[in-house]
Amino acid sequence: MGASVGRREDPRLLTGRGRFTDDIQLPGMLHAQFVRATVAHARVTGIDLSAVLDVPGVVAAFTAEDLELGDITARLGRPASEFVATAMPVLARDRVRFVGEPLAVVVARDAYAAEDGLEAAKVSYEPRPPVVSAARALAPGAPLVHDEAPLNTLLDVSMFATEGIDAVFDGAPHVVRVRASTGRQNALPLETRGAVASWDAREDQLLLQTCTQVPHQVRTVAARCLRLDERAVRVVVPDMGGGFGLKCVVGREEIAVAAAALRLDRPVKWIEDRKDALTASFLAREQHYDARAAFDADGRILALDADVVCDMGAYSCYPFTAGIEPLMASAEMPGVYKVPAYRVRGRAVTTNKAPTAPYRGVSRPQYVMVMERLFERAARELGMDPVEIRRRNVITDFPYTGVNRITYDPGSYRESLDLCERLVREEGWYAAREEAAAAGRHLGIGYACFSERTGYGSAAFAQRKMEVVPGFDISEVRMDTSGAVVVTTGTMSHGQSHETTMAQIVADELGLDIAKVRIHQGDTDRVTYGWGTFASRSIAVGGSAVRLAAAKLGEKLCRIAAARWELSPDAVELVTGGIRRRDGTGEVVGFPELADIAYLKAHLLPKDVEPGLSATATFDVFNDGTFSNATHGVVVELHPGTGQVEILAYLCVEDCGVAINPQVVEGQCRGGIAQGIAGALFEQVTYDDQGEPSATSFMDYKVPTAHEIPDVLIRHLQTPCAFTETGAKGAGEGGTIGAPAAVLNAVNDALRPTGTELDTTPITPETVQRAFGRTVEHPS
């Protein structure tokens with residue numbers, strides 16, 4: 001651990017030997033596509049599929065009535081005054097609630113015939129007025145997306161109302177306010193969603209091969225919707241080309257594909273095309289904040305008051321519900337700062353748009369942006385340096401229990417801030433900014449200082465009152481007679497290098513060559529149970545379970561070796577490749593010989609040692625999780641004529657505890673920063689007044705390329721976590737969390753001569769031009 005071991009996945013993936021969902025070919029396999037709603041809100045008065053069956057190559061077509069599936073319903077254990085549960089049918093029945101909602105599934109001999117079949121389907125509607133914005137949804141008299149959700153509100157929770165907070169604001173020397181909004185985004189994994197379903201008659205079991213981050217949750221929902229025992233459903237995940245949270249919820253299409261395969265008794269494949277991925281898949285991010293902060297004359301924060309509204313689209317996602325974004329923002333908004341008084345209201349609003357799922361960072365890019373804007377605004381009002389005002393407010397004494405009742409474990413908040421500022425100065429950017437101003441150019445420097453809560457355990461998720469409570473992880477480590485090891489983990493890699501980092505943990509713990517370690521994940525029949533990969537939990541939680549299991553196996557090996565020498569177990573020790581006597585003889589017995597005893601000569605085992613070499617361990621986090629932290633520094637130049645925001649430099653000082661593989665951590669940072677920049681400057685899903693999405697291809701949805709993403713200078717700090725087994729904290733989301741705030745602050749710094757400040761992302765060229773007072777003309 002701690003070495004930048006080359007990724008073990010790369011030889012397979014980079015030479016085209018990976019096996020993704022769309023690579024799966026089975027005898028007699030059929031292909032499915034979905035008839036989708038063409039209106040955002042309507043009562044369905046009829047679905048006519050008769051002509052579909054006349055299309056050459058089409059084998060079958062099914063509606064909800066044909067398949068008789070149970071609904072997908074995510075719940076919170078909260079009173080009706082706080083949360084409204086809404087059922088999401090696998091196929092819409094009498095009502096559609098967003099453009100792209102699946103109504104029927106067409107199954108054909110190939111994907112082209114299935115697409116042709118879609119064109120023959122006829123759906124009749126009785127349109128209803130759509131609700132396409134959170135403001136419209138909350139307006140008096142607005143049409144209801146769900147009849148059972150008054151005011152179109154799925155969650156409304158007020159938290160942490162510190163007594164006397166109004167008096168604090170009334171008496172504060174300085175009060176600043178930020179009204180901020182962030183655009184709706186698509187997670188855009190390189191591999192779209194997909195599934196292959198088939199019936200295994202020998203095992204009497206449905207095999208569902210799908211690209212999901214949460215295979216065990218898919219198994220549970222599939223079994224319930226299909227009314228099967230869970231034993232009768234096996235979910236297997238092939239190689240996966242990204243997920244970013246989009247695939248950590250259970251989709252409707254994979255359940256419908258499974259139902260079609262059961263009905264036809266033939267394998268059925270569905271691969272989402274890019275249009276459906278952009279318009280009908282789970283989206284994220286659209287949030288609105290109205291926040292105030294009170295400061296004293298020395299720039300210390302006295303109180304924070306926020307109203308958070310999250311546009312969650314048409315349905316709650318399973319298992320997290322529509323509460324995931326407002327609850328995350330409400331609980332964690334104070335972040336790295338010592339906030340003495342806090343009040344927040346968080347709402348999840350339902351609209352006639354594709355539903356929202358977690359996306360890398362989950363509300364933290366948004367509330368961090370709001371907090372950093374509040375500190376920037378306070379610094380300007382007080383005439384302070386923006387770094388200095390942060391320095392006076394960041395948490396420095398640990399463990400620290402905040403006003404939000406979260407306890408923060410030790411981190412390097414002040415250290416990362418100081419180092420990042422020093423690097424920006426040493427790179428010469430402060431001098432360059434002054435020189436640019438003298439020449440009439442517009443350079444700006446911006447920072448974001450933040451924490452990333454990772455390693456959420458059962459206790460943290462239970463605080464949200466989730467009916468389904470994720471948290472723990474289970475691992476088994478099993479050695480064969482050759483001394484090689486197979487490890488199972490309940491996490492699910494979709495690009496995070498688990499085959500490498502988990503193997504590093506086991507190799508270190510057992511003294512094995514890493515080539516002797518094989519990682520298995522993503523198979524509900526081979527992996528006892530797992531919650532998958534999300535919320536930067538894989539190494540912190542899953543890696544801890546892996547290390548505990550390896551340690552248990554090591555103890556068993558020591559007991560077998562000690563018995564062989566007629567010694568006590570404490571008289572031997574694990575070394576590279578085997579077990580050594582501690583008595584100075586230097587005698588070592590290798591793992592293969594010990595494995596021979598465990599499997600092939602069990603009569604030689606001590607009476608209290610069972611045959612075989614395997615060990616299982618679980619790990620959970622029973623406190624508030626662990627907190628990684630970072631400071632990002634950004635230098636931009638604005639071009640008033642074109643409105644272009646050019647990023648000249650990007651610096652990241654991060655601390656994720658013990659870095660199991662520094663190269664992997666840096667990859668996570670760079671990838672996350674790219675997605676954060678995308679949200680800050682480029683990506684946004686918009687809708688017209690009728691709820692029609694505007695971006696149906698990459699011609700309309702603007703994605704940054706390598707040209708727009710700068711080189712990133714990364715520096716590591718290490719504050720080991722005291723309660724994970726490896727000392728590691730999560731590292732998956734920090735880049736995405738910090739980038740929008742840092743970029744926005746840099747843009748506002750460059751805009752100082754104009755007197756204009758921006759609080760909304762994405763920052764488009766038109767926005768920049770208007771800030772400079774330029775008239776923006778659009779072609780007719």
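Just so it is clear, the model here is predicted, and its values are computed rather than measured.
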Side chain to side chain contact (heavy atoms under 4.5 Å, CB included) between L744 and R373, worked out: CA-CA 8 Å; L744 181 59; R373 290 299 305 133; 3.6 Å; yes

If you measure only the distance, is there a donor-acceptor pair under 3.5 Å linking the side chains of [X] and [Y]?
{"X": "Q366", "Y": "Y289", "result": "no"}
{"X": "S363", "Y": "Q287", "result": "yes"}
{"X": "S694", "Y": "T686", "result": "yes"}
{"X": "T153", "Y": "D156", "result": "no"}
{"X": "E467", "Y": "Y318", "result": "no"}
{"X": "T524", "Y": "H216", "result": "no"}
{"X": "T182", "Y": "E286", "result": "no"}
{"X": "D311", "Y": "T351", "result": "yes"}
{"X": "T760", "Y": "S181", "result": "no"}

Could you give me the CA-CA distance, side-chain angles and deciding distance for T533 and S538, then say whether side-chain hydrogen bond (donor to acceptor under 3.5 Å, both in side chains) is met? CA-CA 6 Å; T533 291; S538 293; 2.9 Å; yes

Working to the nearest 0.5 Å, report the span between [atom1] of [X] and [atom2] of [Y].
{"X": "L91", "Y": "E68", "atom1": "CG", "atom2": "CD", "value": "12.5 Å"}
{"X": "E683", "Y": "Q675", "atom1": "CD", "atom2": "CD", "value": "7.5 Å"}
{"X": "I165", "Y": "L304", "atom1": "CD1", "atom2": "CG", "value": "7.0 Å"}
{"X": "T321", "Y": "M466", "atom1": "OG1", "atom2": "CE", "value": "6.5 Å"}
{"X": "T350", "Y": "L151", "atom1": "OG1", "atom2": "CG", "value": "12.5 Å"}
{"X": "T73", "Y": "R75", "atom1": "OG1", "atom2": "CZ", "value": "5.0 Å"}

Would you be so kind as to tabulate the donor-acceptor pairs closer than 3.5 Å made by side chains of residues 245-254, with sequence neighbours excluded?
unit_1	atom_1	unit_2	atom_2	d
K247	NZ	E191	O	2.8
K247	NZ	G242	O	2.8
R252	NE	P89	O	2.7
R252	NH1	E101	OE2	3.3
R252	NH2	P89	O	2.8
R252	NH2	E101	OE2	2.7
E253	OE1	R193	NH1	3.1
E253	OE1	R193	NH2	3.4
E253	OE2	R36	NH1	3.2
E253	OE2	R36	NH2	3.1
E253	OE2	R193	NH2	3.3
E254	OE1	T210	OG1	3.1
E254	OE2	G251	N	2.9

Side chain proximity check, N393 to V336, heavy atoms < 4.5 angstrom: no

Quick one: does E372's side chain get under 4.5 Å of Y367's, heavy atoms only?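 When only atoms from C-beta onward are counted, Y367 and E372 do not touch, as no gap falls below 4.5 Å.
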
Measure from the side-chain N and O atoms of [X] to the backbone N and O of [Y], and report whether any donor-acceptor pair falls under 3.5 Å.
{"X": "D473", "Y": "F619", "answer": "no"}
{"X": "N186", "Y": "A277", "answer": "yes"}
{"X": "S133", "Y": "R136", "answer": "yes"}
{"X": "R97", "Y": "V145", "answer": "yes"}
{"X": "D688", "Y": "Q690", "answer": "yes"}
{"X": "N623", "Y": "G625", "answer": "yes"}
{"X": "T626", "Y": "G455", "answer": "no"}
{"X": "S628", "Y": "G730", "answer": "yes"}
{"X": "N152", "Y": "V349", "answer": "no"}
{"X": "D624", "Y": "T407", "answer": "yes"}

How close do [X] and [Y] get, counting heavy atoms only, and between which atoms?
{"X": "A322", "Y": "P326", "value": "O-CD, 3.6 Å"}
{"X": "A121", "Y": "V35", "value": "CB-CG2, 3.8 Å"}
{"X": "A331", "Y": "I406", "value": "O-CD1, 3.4 Å"}

Could you walk me through whether T618 and I474 pass the side chain to side chain contact (heavy atoms under 4.5 Å, CB included) test, one step at a time? CA-CA 4 Å; T618 65; I474 302 174; 3.6 Å; yes

Mutual orientation of the aromatic rings belonging to [X] and [Y] [parallel < 30°, tilted 30-60°, perpendicular > 60°]:
{"X": "Y408", "Y": "Y400", "answer": "tilted"}
{"X": "F295", "Y": "F375", "answer": "perpendicular"}
{"X": "F461", "Y": "F320", "answer": "tilted"}

Is the shortest side-chain N to carboxylate O distance from D166 to R343 below 4.0 Å?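 Salt bridge between D166 and R343, a charged N being under 4.0 Å from a carboxylate O: yes.
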
Check this for me, if you would: do R453 and E332 make a salt bridge, where the nitrogen-to-carboxylate-oxygen distance has to be below 4.0 angstrom?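 Looking at E332 together with R453, the answer is yes, because their closest N to O distance falls below 4.0 Å.
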
May I have the step-by-step check of side chain to side chain contact (heavy atoms under 4.5 Å, CB included) for I395 and Y337, ending in yes or no? CA-CA 6 Å; I395 302 165; Y337 298 110; 6.0 Å; no

State whether the number of non-hydrogen atoms from other residues, nucleotides or ligands found under 6.0 Å of [X] atom [atom1] is greater than 12.
{"X": "K465", "atom1": "NZ", "result": "no"}
{"X": "R95", "atom1": "CZ", "result": "yes"}
{"X": "D71", "atom1": "CG", "result": "yes"}

R537 charged N/C atom sitting above Y456 aromatic ring, 6.0 Å / 45°: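 No, a cation-pi geometry is absent between R537 and Y456.
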
T45 meets the side-chain contact (heavy atoms from CB on, under 4.5 Å) criterion, sequence neighbours left out, with R43, S124, E126

Given R184 and T356, is the side-chain hydrogen bond (donor to acceptor under 3.5 Å, both in side chains) satisfied, shown in steps? CA-CA 9 Å; R184 200 172 193 83; T356 293; 3.2 Å; yes

What verdict does the salt bridge (charged side-chain N to carboxylate O under 4.0 Å, His left out) test give for R177 and D290, after you've listed the backbone C-alpha separation in whole Å, the side-chain angles of each residue and the deciding distance to 0.1 Å? CA-CA 7 Å; R177 186 174 190 176; D290 188 350; 2.7 Å; yes

Set out, in order, the CA-CA distance, both residues' side-chain angles and the distance that settles salt bridge (charged side-chain N to carboxylate O under 4.0 Å, His left out) for R364 and E452, then state yes or no. CA-CA 8 Å; R364 287 167 289 186; E452 175 193 356; 5.1 Å; no

K729 vs T724, side chain to side chain contact (heavy atoms under 4.5 Å, CB included): CA-CA, chis, key distance, verdict: CA-CA 8 Å; K729 306 176 182 181; T724 63; over 6 Å; no

F98 ring center near H41 ring center (under 6.0 Å):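 Ring centres of H41 and F98 not closer than 6.0 Å.
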
